[in-house]
Every structure is written in structure tokens, then in C-alpha cells.
Amino acid sequence: TLGPSFDEIIMTPEKPTLRQGITVDASLDDATEVSEVLFYILQGGQKDFKASTMSTDDLRNFAFASQPEDVTLNGIAFFMSASDIRGNVAYSDTLSPPVKFIEGSLQTTQPTSAYGDGLPKKLWRLVSVPARLKEPGVENTLADDFGGQSQSTKWRIFERVESGQSNGTSQWKKPEEFSVGKGYWLIQAVKNNAFFSTGPGETITLKGYNLTLAPGWNMISSPYTFPMTTNLDATAFYGPLTYGKETESWSEETTMLPF
């Protein structure tokens with residue numbers, strides 16, 4: 001016997017804004033009668049989905065409205081399960097829309113940030129931006145918080161460029177834009193324990209993000225605003241490593257922190 005099928009799923013809005021509730025409407029078909037539809041929702045960084053019963057007036061069209069606090073910078077994901085009176089169960093695809101945020105929302109002062117206590121003065125640190133920015137220009141992003149345009153007396157930033165030489169020699173250049181999943185060397189001489197924030201943008205879907213790694217060393221970062229545990233094949237990868245966590249030295253980590 002055929003079980004329930006999801007004919008149509010409509011999410012409003014398609015790209016929610018930070019702290020904005022979303023509404024999901026689902027239309028189902030079944031050879032007999034749908035008895036219940038459950039809505040499972042997850043915030044980024046959580047381990048388990050939270051289940052709620054979807055409302056309906058006709059056992060064909062079902063609805064769910066999230067709370068504004070469900071939609072955070074950590075991102076959101078959800079799916080649905082439907083059961084009928086014969087006990088058949090069907091599942092929808094998992095959806096994870098990006099969450100839009102305004103200028104100043106994303107900043108290194110977040111509780112889980114690698115630099116929650118600020119960036120030290122006159123010391124090199126590895127940094128990143130855990131989101132896709134609407135205007136990803138490096139100068140525009142950092143100038144306001146670090147006293148103006150990049151210069152040796154204020155701040156400098158570099159990205160690694162493959163040299164193409166067999167000895168693994170690296171070359172460095174100033175990046176024009178921040179890229180998701182990429183790490184950069186930054187030093188600032190403006191103040192002790194400096195912070196920075198970004199312009200508007202959107203979070204990365206919780207369905208995953210692909211990083212392309214070149215042979216040898218890569219400067220990578222987490223694309224998410226919550227701590228992410230790595231699960232790498234130790235026979236093929238070494239790391240990830242971070243610099244300056246407790247001393248001016250490298251340390252191997254199992255958790256990647258935002259920024």
C-alpha cells in the first residue's frame with residue numbers, strides 16, 4: 001500500500017532574516033487518510049531535531065510556524081514525517097535555507113568565537129568570516145574596526161597562494177575579498193583585544209559545504225558560526241592546526257571555531 005506523499009512544500013519567506021519566524025505549508029496525498037504530520041527543526045550546532053505536530057483543517061494541508069528565536073546565525077534545517085491510518089510513514093527532503101543578517105550582526109564577540117576576548121595587538125592570527133557576505137571586500141569589512149585602510153601602522157592581511165614549486169614554497173598576497181571556508185593571516189596594531197564585525201550577508205546551508213583542498217598545506221576555516229568537530233582520515237590528512245591559542249605556537253585541534 002502506498003503511503004503519504006508530499007505534493008508541495010512552501011516556505012515563507014524563502015530566505016528568512018535573522019530572528020524572523022518562518023511558515024511552512026505542506027500539501028500531502030495518500031491512498032487512505034493522513035493521520036499526522038510532524039515537523040522537525042534544528043538550529044546549527046544542535047545534535048537533535050525538535051519535533052512538533054503540524055496543524056491542519058482537512059488532513060491534506062498542514063502548516064507549521066517557527067518562533068523567531070529558532071532563526072539564528074547558526075542556521076536552520078528542517079524536515080517532515082507523515083503517517084497515515086494504515087501505519088505507513090513518509091519523509092520529506094531536508095531543507096536548510098540561508099538566514100539573512102544585517103550589518104553588525106556577525107562579529108567576533110560571539111560566545112563561541114575563536115576571538116571572543118578580542119584579537120591581540122601586534123601578533124599574527126588566523127582569521128576568517130563564517131558566512132557569505134553581500135559585499136565581501138576585505139577593506140570595507142575591516143577598515144571601520146581597525147582605524148582605516150590597510151597599512152603597516154594599522155593592520156595587514158594575507159592569503160596563501162600556491163607557488164607551483166615542488167618544494168612546497170608558499171607565496172602571499174593581500175586578498176581582495178573574503179571567501180567562505182578560507183583562512184587568512186591578520187595582524188593589527190590599533191588596540192589591545194580588538195574586535196571586528198561584518199556587513200550584511202547570509203549563513204551557509206546546514207546541508208554541508210564543500211572545501212577543495214590542494215596537496216600540501218591549506219588555510220581553511222569553518223563556514224559556520226558554531227563550533228564544528230572535524231572527522232578526518234588520519235592517513236590522508238594532518239590537522240587541522242591553529243596558531244596562538246594559548247602560546248605563540250601551533251596546536252592540533254579537533255574542533256573548528258568560527259572566525
Side-chain angles (χ1 to χ4, degrees), residues 16 18-19 39-51 66 69-79 91 93-101 105-120 123-133 136 159-160 178-186 195-198 201-259:
L18 181 64
R19 302 295 180 185
F39 188 91
Y40 296 85
I41 190 169
L42 175 82
Q43 290 182 20
Q46 295 179 339
K47 294 182 178 180
D48 300 311
F49 282 82
K50 179 176 63 177
S66 78
E69 56 266 27
D70 291 328
V71 184
T72 72
L73 285 172
N74 288 348
I76 190 172
F78 63 86
F79 71 94
Y91 296 90
D93 292 335
T94 298
L95 302 177
S96 179
V99 176
K100 298 189 296 183
F101 55 86
S105 299
L106 182 64
Q107 49 189 291
T108 54
T109 55
Q110 291 180 215
T112 58
S113 168
Y115 302 110
D117 294 328
L119 288 156
L123 293 174
W124 289 100
R125 288 294 183 264
L126 289 166
V127 301
S128 64
V129 173
R132 181 173 288 107
L133 299 181
E159 64 179 338
R160 185 172 184 264
F178 282 113
S179 297
V180 178
K182 195 168 186 177
Y184 306 87
W185 280 113
L186 172 71
F195 301 96
F196 72 86
S197 61
T198 75
E202 62 184 35
T203 63
I204 305 302
T205 173
L206 297 181
K207 296 181 72 173
Y209 185 82
N210 294 325
L211 291 176
T212 301
L213 303 180
W217 292 105
N218 291 262
M219 292 181 63
I220 63 172
S221 68
S222 170
Y224 300 113
T225 61
F226 53 88
M228 185 182 71
T229 302
T230 59
N231 184 20
L232 301 175
D233 182 355
T235 62
F237 299 96
Y238 176 57
L241 305 177
T242 192
Y243 185 82
K245 183 176 181 179
E246 296 180 356
T247 62
E248 296 305 301
S249 61
W250 293 96
S251 59
E252 188 171 6
E253 304 293 330
T254 57
T255 300
M256 298 177 69
L257 298 179
F259 291 102

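Throughout, residue positions are numbered sequentially from 1 according to the sequence presented.
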Would you indicate whether N231, at its atom CG, is surrounded by more than 12 heavy atoms from other residues, nucleotides or ligands within a distance under 6.0 Å? no
Answer yes or no: is there a donor N or O on one side and an acceptor on the other, between the side chain of R160 and the main chain of W217, under 3.5 Å? yes
Full working for side-chain contact (heavy atoms from CB on, under 4.5 Å) between W185 and L126: CA-CA 5 Å; W185 280 113; L126 289 166; 3.6 Å; yes
One should read off an interatomic distance between F101 CZ and L18 CG, to the nearest 0.5 angstrom, of 8.5 Å
Do T109 and Y115 touch side chain to side chain, with heavy atoms closer than 4.5 Å? no
If the test is side-chain contact (heavy atoms from CB on, under 4.5 Å), which one of L95, T203, I41 qualifies with I76? I41
Run the side-chain contact (heavy atoms from CB on, under 4.5 Å) check on E159 and M219 step by step: do they pass? CA-CA 8 Å; E159 64 179 338; M219 292 181 63; over 6 Å; no
Is any side-chain heavy atom of P240 less than 4.5 Å from a side-chain heavy atom of M256? yes
Would you call E252 and K245 a salt bridge, taking side-chain N to carboxylate O under 4.0 Å as the test? no
Closest non-hydrogen atoms of P223 and V180, given as atom of the first, atom of the second and distance, are CB-CG1, 3.6 Å
Any donor-acceptor N/O pair, N218 side chain to I220 backbone, under 3.5 Å: no
Can you tell which of S221, S113, S222 makes a side-chain contact (heavy atoms from CB on, under 4.5 Å) with F259? S113
Taking all heavy atoms of G75 and all of V99, pick out the closest pair and write down the distance. CA-CG2, 4.2 Å
Working note: F49 + F78, criterion ring pair (Phe, Tyr, Trp, His ring centres under 6.0 Å); need CA distance, chi angles, decisive distance, verdict. CA-CA 8 Å; F49 282 82; F78 63 86; 9.3 Å; no
Shortest non-hydrogen separation from L119 to V127 and the atoms involved: CD2-CG1, 4.0 Å
Return yes if some donor-acceptor pair links the side-chain N/O of Y224 with the main-chain N/O of T205 below 3.5 Å, else return no. yes
Do the ring centers of F79 and F39 come within less than 6.0 Å of each other? no
Any chance you could measure T242, atom OG1, to R125, atom CZ, to the nearest 0.5 Å? 8.5 Å
Could you report the tightest heavy-atom contact between L206 and S96, atom names first, then the distance? N-OG, 2.8 Å
Closer than 3.5 angstrom, by distance alone: can the side chain of Q43 be matched with the main-chain N or O of E69 as a donor-acceptor pair? yes
Counting only N and O atoms by type, is there a donor-acceptor contact under 3.5 Å from the side chain of T230 to the main-chain atoms of T255? no
Step by step, would you call L241 with E253 a side-chain contact (heavy atoms from CB on, under 4.5 Å)? CA-CA 6 Å; L241 305 177; E253 304 293 330; over 6 Å; no
Can you check whether F226's main-chain N or O pairs, donor with acceptor, with T112's side chain at less than 3.5 Å? no
Are any non-hydrogen side-chain atoms of L42 and K50 less than 4.5 angstrom apart? no
Decide yes or no on side-chain contact (heavy atoms from CB on, under 4.5 Å) for Y184 and V129, but give the supporting numbers first. CA-CA 10 Å; Y184 306 87; V129 173; over 6 Å; no
Working to the nearest 0.5 Å, report the span between CG of L73 and OG1 of T225. 5.5 Å
Between the side chain of S197 and the main-chain N/O of Q107, is any donor-acceptor distance below 3.5 Å? no
Sub-4.5 Å side-chain heavy-atom contact between R132 and I204: yes
State the NZ-OG distance between K100 and S105, to the nearest 0.5 angstrom. 12.5 Å
So, for P16 and P98, which heavy atoms are closest and what is the spacing to 0.1 Å? CD-O, 3.5 Å
Here the pair of heavy atoms bringing P120 nearest to L123 is CB-CD1, 3.8 Å
